Amino acid sequence: MASSDFRRLPGFRDFPPEELAFRAHLFRAWRAVARRYGFLEYDGPPLEPLELYTEKSGDEIVGQLYNFTDKGDRQVSLRPEMTPSLARILGEHARSMPKPIRWFSIPQLFRYERQQRGRLREHFQWNVDIVGEDDVSADAEVLAVAIDGLRELGLGAEDVRARVSDRRLLTALLRDGVGVPEDGMDAAFALIDKVERMPEEVAREKLAADAGLDPAQVDALLKLFELEGLDDIRAAHPEASVAEAAAPLDAYLGHLEAMGLGDFVEVDLTIVRGLAYYTGIVFELFDRQGELRAICGGGRYDRLLELVGGDPMPAVGFGMGDVVLGELLRERALAPDYERTLDYYVVVIGEEQGPAARGLAHRLRDAGHSVAYEFRDRSVGKQFKSAGTEGARSVIVLGPEEAAKGVVVLRDMASGEEERVPPESLG
RNA sequence: GUGGGCGUAGCUCAGUUGGUUAGAGCGCCAGGUUGUGGCCCUGGAGGUCGCCGGUUCAAAUCCGGUCGCUCACCCCA
């Protein structure tokens with residue numbers, strides 16, 4: 001047991017080769033899908049000025065920042081999310097860039113809070129954003145990227161679902177359909193976000209107390225969440241403002257249907273998202289069994305760029321973390337088997353073959369092959385054992401008998417077949 | 001931040017009502033005579049039983065604290 005002084009910090013992970021291989025598997029899928037949609041990769045610093053988060057992200061995030069004072073007396077924070085950095089980066093360059101801007105990143109993000117399942121103090125998050133386009137097509141495109149990211153990893157509509165809502169629609173429903181007073185809106189939004197996680201009685205009490213609703217209004221509000229689909233919602237609430245606010249979501253669903261992704265998507269008015277900067281369509285992706293936390297969340301945030309001092313610019317995007325997704329993939333046996341591989345392992349019989357072996361190995365490496373050999377003079381049996389352990393596809397044997405004839409033995413480790421070939425023919 | 005459960009080798013665990021030098025499997029290393037891997041056999045390394053303190057003739061075993069892990073709450077990337 002290592003001294004406790006050297007222990008890894010709580011909520012942080014080590015990535016030995018097997019773990020790193022799994023992480024790389026996720027990153028490969030994410031990058032492949034993002035590029036397929038024409039997105040460009042970017043990054044920013046992992047450490048940012050504290051003010052980048054304290055001002056605009058909403059109070060929720062501030063309490064859990066991994067922040068401290070640096071040696072220059074600056075108030076700094078490890079980044080808890082990527083969007084403020086993105087807004088800052090774009091604020092400096094967006095004006096000169098062709099629109100729409102389609103960017104993605106895979107930052108490591110940090111939050112100071114007690115860890116539990118699916119929630120560490122550090123994680124990697126696939127961030128995908130479209131900036132400079134307010135058409136709902138962009139919203140649909142972003143959700144399609146998220147869904148395809150999961151499909152690329154082997155998950156289908158039977159495994160995951162996207163729950164989508166629109167803050168503008170919910171606002172219209174609450175104000176004009178239910179009659180929530182203007183000063184009760186924020187409280188109502190906050191409660192709706194967590195209504196499915198609390199008993200109905202508690203929800204009723206809180207809606208009455210915090211949002212100032214009478215019992216009839218509480219009934220009307222809770223009834224909203226029993227409605228399935230946009231058509232039911234519009235039928236239940238024929239108000240003109242509702243019809244108007246439902247139009248973008250209607251088009252959104254149509255676009256996703258046209259892409260063949262309709263099976264993944266369902267309207268769910270309880271999806272609000274905690275971050276204060278969302279302004280329109282919002283969504284979260286969950287495993288169908290509902291055992292895990294949200295895999296991904298995102299939506300439209302049209303005002304964020306101007307809030308951090310940039311030009312006003314519409315934006316829509318999402319973040320997908322590696323922790324919950326990793327749990328889901330492992331649970332569904334979709335994590336690839338880890339295996340070591342090597343193109344060649346060079347077995348040396350007798351120290352006098354050493355120089356020839358090193359020469360051959362290096363020539364093969366120059367040609368792009370992975371090659372390893374034993375560092376010490378060891379028995380042939382041990383050398384073959386190492387070749388097997390390291391996953392060598394072929395073993396090249398250099399021995400005195402072969403050297404005399406100017407050949408080497410080439411053994412295929414899978415089939416066990418051997419042939420004698422001149423070393424110049426390899427590579 | 002609040003509460004519950006847990007804490008024995010790298011990993012998975014066993015350790016009988018507290019009682020002599022704390023065990024197994026897997027993994028690792030070495031060997032089974034420098035010409036052939038997967039199997040097998042033999043041997044070895046590796047633990048101050050998370051840490052500190054208390055009770056006792058005696059503590060891995062009981063008690064307290066602390067740290068860590070974990071689940072839930074809070075909150076949500």
Side-chain angles (χ1 to χ4, degrees), chain A residues 1-5 7-12 14 16 18 53 57-66 77-85 105-127 190 193-194 197-198 202 271-278 284-285 293-299 317-325 342 345-354 374 376-403 408-418:
Chain A
M1 187 67 64
S3 158
S4 60
D5 292 338
R7 213 158 22 196
R8 162 178 96 232
L9 259 19
F12 286 80
D14 289 325
E18 199 167 343
Y53 308 110
S57 290
D59 294 335
E60 314 84 48
I61 218 165
V62 175
Q64 291 162 334
L65 287 174
Y66 210 116
S77 177
L78 290 166
R79 58 188 177 193
E81 56 165 338
M82 196 58 178
T83 310
S85 299
S105 189
I106 308 180
Q108 188 173 24
L109 305 177
F110 306 86
R111 300 192 67 176
Y112 196 90
E113 62 182 341
R114 197 137 156 191
Q115 65 165 325
Q116 54 185 293
R117 185 167 198 214
R119 230 165 171 205
L120 308 172
R121 286 185 171 179
E122 144 278 315
H123 76 152
F124 290 89
Q125 189 186 68
W126 185 31
N127 269 252
D193 189 35
K194 57 188 79 165
R197 295 190 291 274
M198 58 173 93
V202 176
I271 300 299
V272 173
R273 308 277 305 141
L275 294 176
Y277 52 61
Y278 287 109
E284 293 187 350
L285 265 50
R293 297 165 184 285
I295 299 165
C296 166
F318 71 82
M320 180 184 295
D322 71 318
V323 179
V324 176
L325 177 57
L342 217 46
Y345 198 95
V346 179
V347 167
V348 181
I349 304 173
E351 283 184 83
E352 57 280 5
Q353 302 302 324
E374 199 71 56
R376 285 177 287 154
D377 188 30
R378 303 182 76 201
S379 76
V380 175
K382 296 296 179 200
Q383 294 185 64
F384 266 92
K385 198 179 170 92
S386 295
T389 301
E390 301 202 26
R393 283 187 272 269
S394 300
V395 164
I396 300 168
V397 183
L398 279 75
E401 294 169 19
E402 289 78 12
V408 297
V409 173
L410 179 64
R411 177 184 181 87
D412 183 300
M413 290 296 274
S415 68
E417 285 172 26
E418 290 186 357

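Chain A is the first sequence line, chain B the second, and so forth, proteins listed ahead of strands; every chain is numbered from 1. Quick caveat: nothing in here was measured; it's all calculated off a predicted structure. As a basis for the values below, the full set of heavy atoms in this structure was taken, side chains included, without hydrogen atoms, waters or symmetry mates.
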*Rounded P spacing from B/C71 to B/U12 in Å*: 15 Å
_Earlier contact from the 5' end, RNA chain B, for A/P10 and A/L120_ = A/P10
*If you check the A/R378 side chain, which of B/G1, B/A30, B/C76 turns out closest?*
B/A30
*With rounding to whole Å, what would you report as the distance between B/A24 and B/U42 at their P atoms?*
13 Å
*asked:* Taking side-chain hydrogen bond (donor to acceptor under 3.5 Å, both in side chains) as the cut-off, I'd like each qualifying pair that reaches into residues 345-354 of chain A, sequence neighbours left out, listed once.
replied: A/Y345-A/E374
*Can you tell me if OH on A/Y112 sees more than 12 non-hydrogen neighbours from other groups inside 6.0 Å?*
no
*asked:* Using the side chain to side chain donor-acceptor pair (under 3.5 Å) criterion, which residues pair with A/R114? Sequence neighbours excluded.
replied: none
*Mark yes or no for a side-chain to base donor-acceptor pair under 3.5 Å between A/R119 and B/C75, with no hydrogen or angle criteria applied.*
yes
_Whole-Å distance separating the CZ atom of A/R111 from the P atom of B/C74_ = 15 Å
*Is there a donor N/O on one and an acceptor N/O on the other, under 3.5 Å, for the side chain of A/R376 and the base of B/U34?*
no
*C1' atom, B/U48 versus B/A60: distance in rounded Å?*
12 Å
_Does a side-chain N or O of A/Q64 approach OP1 or OP2 of B/C76 to a distance below 4.0 Å, or not?_
no
*Any side-chain heavy-atom pair from A/S85 and A/Y53 closer than 4.5 angstrom?*
yes
*Which of the following nucleotides, B/C71, B/C76, B/U34, is nearest to the side chain of A/S379?*
B/U34
_pair A/Q383-A/V348: side-chain heavy atoms closer than 4.5 Å_ = yes
*When the P atoms of B/C51 and B/A59 are considered, how many whole Å apart are they?*
15 Å
_A/F124: partners by ring-ring contact (aromatic ring centres under 6.0 Å, His included), with sequence neighbours left out_ = A/F27
*Quick one: what's the B/S/- string for nucleotides 35-41 of chain B, heavy-atom cutoff under 4.0 Å, read 5' to 3'?*
BBBB---
*Side chain to side chain, A/R119 and A/V323, heavy atoms closer than 4.5 Å*: no
*Which sits closer to the 5' end of RNA chain B, A/E122 or A/E351, going by the nucleotide each is nearest to?*
A/E351
_When the C1' atoms of B/C39 and B/G15 are compared, how many Å lie between them, rounded to an integer?_
32 Å
*List in chain and number order the residues that pass ring-ring contact (aromatic ring centres under 6.0 Å, His included) with A/F318, two or more places apart in sequence or in another chain; answer none if no residue qualifies.*
A/W126
_side-chain contact (heavy atoms from CB on, under 4.5 Å) for A/L325 and A/M320? Distances and angles first, verdict last._
CA-CA 8 Å; A/L325 177 57; A/M320 180 184 295; 3.9 Å; yes
*On a whole-Å scale, what distance lies between the P atoms belonging to B/G31 and B/G35?*
14 Å
*Would you please enumerate the stems RNA chain B participates in, each stem being three or more consecutive Watson-Crick or G-U wobble pairs with both distances under 3.5 Å?*
B:1-7 with B:67-73, B:10-13 with B:23-26, B:28-32 with B:40-44, B:50-54 with B:62-66
